[in-house]
There are 2 protein chains.
Amino acid sequence: MSRRIQILRRATEVFERQGVNRTSIEDIANAVGIKREAIYYYFKSRADILLKIILPQSTSLVMGLGAIINSNLPAEEKLEAAIRNHLDRFNPNYLEMTVALREDHFLEDEGKAAELRGVWNEYTHLWTRLIEDGQEQGIFKPGLDARMVANGVLGMCNWMSRWYDPGKSIPIDKILDIFFTMVAHGIVDPGAKPPAAAKAPRRTRKAAAKD
Amino acid sequence: MSRRIQILRRATEVFERQGVNRTSIEDIANAVGIKREAIYYYFKSRADILLKIILPQSTSLVMGLGAIINSNLPAEEKLEAAIRNHLDRFNPNYLEMTVALREDHFLEDEGKAAELRGVWNEYTHLWTRLIEDGQEQGIFKPGLDARMVANGVLGMCNWMSRWYDPGKSIPIDKILDIFFTMVAHGIVDPGAKPPAAAKAPRRTRKAAAKD
DNA sequence: GGAATTTTTTACAGGGCCGTAAAAATCCTG
DNA sequence: CAGGATTTTTACGGCCCTGTAAAAAATTCC
């Protein structure tokens, strides 16, 4: 393993364990076993390291989602594949994904920050397109704001960076099934007897607040 | 407005605008219009300020959710009320909620960090209970891991800290409707003709990856 | 108006961190 | 083995930040 890859690997581990903002170049160097000034032989800056950890993940997500959208799968299978494309990145790249998503990164290098934002925006845009395509085909409910749906699904998946632990959580496949079921069909059992209140006129929020 | 409240208000604004970790005590003091040492007359530390911004939000979420769970509402209405309880906190407390949720906070004060974690854990636990109660009543699908469902819903809502902007986004009420529909009933239109491929045997992930 | 209280400023102490450049050490190749 | 290339270490420069305590200023109250 080259020194450069090793540095990225160790940096990812320390970033994940103690937080990006509480990790210094010296912390990373100690984890590698060299002096911190040596890091600058391989990387331009601390932000450079962070970018080289995050960009491959976000770019790979975009590429994978683009391929799914351009495939001939039916919309519902595209939805499943898209969620899988996202969640599978947590296994084995759990560390990188956690570093990428757990904290909102305010990078000093405005050029790099813009590049990263661009990739994430593209990813959100593709997700929105997938939802819109399904709506146009009559598979997804047309009345839902596609961008909001996309944001919701992304939130559901990205928040895994706050709780997912491969050593403790249930397998990714199971999480995928649950999340897909939630998004596609919801958690309400269709065979359940609808409560009488469901047919009542929608109460105002103020009335609800009084309860 | 007392000076203390004013400091909290300004701190929240600066934290939201430039990120918690890139905000110094001096930044906050400048926003208030006093010297930074004066901050320590009102607050023990920087982490103390952060805690006093975040705890009211998380505590209020827990209290609100507890009341919903203990109400006599049917499960589906509890679900809607729970999402509303969460999203309504973004309006008007959008700034506080963003500060609380957008970045994972690694606090130096281990006691305070544990207290905060405890509140969030309680919140997640209550959400899991709400899902389980609905499952036991036959309203929610029983086969879904309640904790995972709760994590998914929380992710959907909490990720708003990354994209919601009251000046630009659609109103909270609309977002609530969309998120509730997604979680309760999913985005797939039940009247849509299921694609033939849906009845085919599930392809292996490896086969799917080949495409 | 003066004392008490509150608030702010001044001064101080201590520590951490980023990044550059040149020299030294190590490794590799012919 | 010597020269070239790569990598690491040493030395340096600069800046930022947190928090404390005492003094000064401002405010409040009787």
Side-chain angles (χ1 to χ4, degrees), chain A residues 1-55 99 103-116, chain B residues 1-55 99 103-116:
Chain A
M1 182 194 295
S2 79
R3 183 65 109 191
R4 199 171 165 289
I5 299 296
Q6 191 192 7
I7 292 174
L8 285 176
R9 186 63 191 170
R10 292 290 167 273
T12 305
E13 289 165 2
V14 185
F15 280 150
E16 189 275 337
R17 184 169 65 251
Q18 63 191 50
V20 169
N21 291 291
R22 288 166 61 80
T23 297
S24 64
I25 294 288
E26 184 151 16
D27 292 329
I28 298 170
N30 287 342
V32 175
I34 54 181
K35 291 300 182 85
R36 65 183 183 83
E37 292 89 341
I39 302 287
Y40 294 94
Y41 180 77
Y42 302 93
F43 296 93
K44 185 173 183 302
S45 64
R46 185 176 180 286
D48 190 27
I49 296 173
L50 192 56
L51 257 296
K52 291 201 166 50
I53 293 171
I54 297 177
L55 266 177
V99 169
E103 303 160 61
D104 204 6
H105 300 297
F106 294 75
L107 298 171
E108 298 82 10
D109 188 325
E110 191 47 37
K112 296 289 188 179
E115 180 183 357
L116 193 54
Chain B
M1 185 196 292
S2 80
R3 183 65 108 192
R4 201 171 165 288
I5 299 295
Q6 190 192 8
I7 291 174
L8 284 177
R9 186 64 190 166
R10 291 291 166 274
T12 305
E13 289 164 4
V14 186
F15 279 151
E16 190 275 336
R17 183 169 66 249
Q18 62 190 52
V20 168
N21 291 290
R22 288 166 60 80
T23 298
S24 65
I25 294 288
E26 185 149 15
D27 291 329
I28 297 170
N30 287 342
V32 176
I34 54 181
K35 291 299 182 84
R36 64 181 186 83
E37 292 89 341
I39 302 288
Y40 293 94
Y41 181 76
Y42 301 93
F43 297 93
K44 188 175 181 303
S45 63
R46 185 177 183 286
D48 190 27
I49 296 172
L50 192 56
L51 257 296
K52 290 200 165 49
I53 293 171
I54 297 177
L55 266 178
V99 169
E103 303 160 61
D104 204 6
H105 299 299
F106 294 76
L107 299 171
E108 298 81 9
D109 188 325
E110 190 48 36
K112 296 289 190 179
E115 179 181 358
L116 193 55

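Each chain gets a letter, A, B and so on, in the order the sequences are listed, and its residues count up from 1. Being a predicted model, the structure only gives us computed values, none of them experimental.
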Using a cut-off of less than 4.0 Å, is there contact between a side-chain N or O of Arg4(A) and OP1 or OP2 of dT7(D)?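 The answer is no; no side-chain N or O of Arg4(A) sits under 4.0 Å from OP1 or OP2.
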
By side-chain hydrogen bond (donor to acceptor under 3.5 Å, both in side chains) - contacts of [X] (at least two apart):
X	answer
Arg22(B)	Glu108(A)
Glu16(B)	Tyr94(B)
Asp48(B)	Lys52(B)
Glu115(B)	none

Looking at His105(A) and Val99(A), would you say the former's side chain and the latter's main chain have a donor-acceptor pair under 3.5 Å?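 The answer is yes, because a donor-acceptor pair under 3.5 Å joins these two groups.
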
Short side-chain to backbone donor-acceptor contact, Glu103(A) and Gly19(A), under 3.5 Å: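 Not confirmed, Glu103(A) side chain does not pair with Gly19(A) backbone.
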
Could you identify which residues of residues 36-47 of chain B place a heavy atom less than 4.0 Å from some atom of DNA chain C, listed by residue number, or say none?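 Those residues are Arg36(B), Glu37(B), Ala38(B), Tyr41(B), Tyr42(B).
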
Could you check which residues of residues 11-34 of chain B get a heavy atom under 4.0 Å from DNA chain C? Sort them by number, please.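 Contacts with DNA chain C under 4.0 Å: Ile34(B).
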
Could you list the donor-acceptor pairs under 3.5 angstrom formed by side chains in residues 26-38 of chain A, with sequence neighbours left out?
residue: Asp27(A); atom: OD2; partner: Gln18(A); partner atom: NE2; Å: 3.1
residue: Asp27(A); atom: OD2; partner: Ser24(A); partner atom: N; Å: 2.9
residue: Asp27(A); atom: OD2; partner: Ser24(A); partner atom: OG; Å: 3.2
residue: Asn30(A); atom: ND2; partner: Glu26(A); partner atom: O; Å: 3.4

Does anyone know the first and last nucleotide of DNA chain C in reach of chain B, 5' to 3', at under 4.0 angstrom to a heavy atom?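 Nucleotide range in contact with chain B: dT6(C) to dC12(C).
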
Applying salt bridge (Lys or Arg N to Asp or Glu O under 4.0 Å), can you list everything that pairs with Arg4(A), at least two apart in sequence or on another chain?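 Partners of Arg4(A) under the salt bridge (Lys or Arg N to Asp or Glu O under 4.0 Å) test: none.
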
Please identify each residue that fulfils salt bridge (Lys or Arg N to Asp or Glu O under 4.0 Å) with Arg10(A), with sequence neighbours left out.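 If we apply the salt bridge (Lys or Arg N to Asp or Glu O under 4.0 Å) test to Arg10(A), skipping adjacent residues, the hits are Glu13(A).
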
What residues form a side chain to side chain contact (heavy atoms under 4.5 Å, CB included) with Ala113(A), not counting sequence neighbours?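 With neighbours one apart ignored, the set is Leu107(A), Glu110(A), Arg117(A).
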
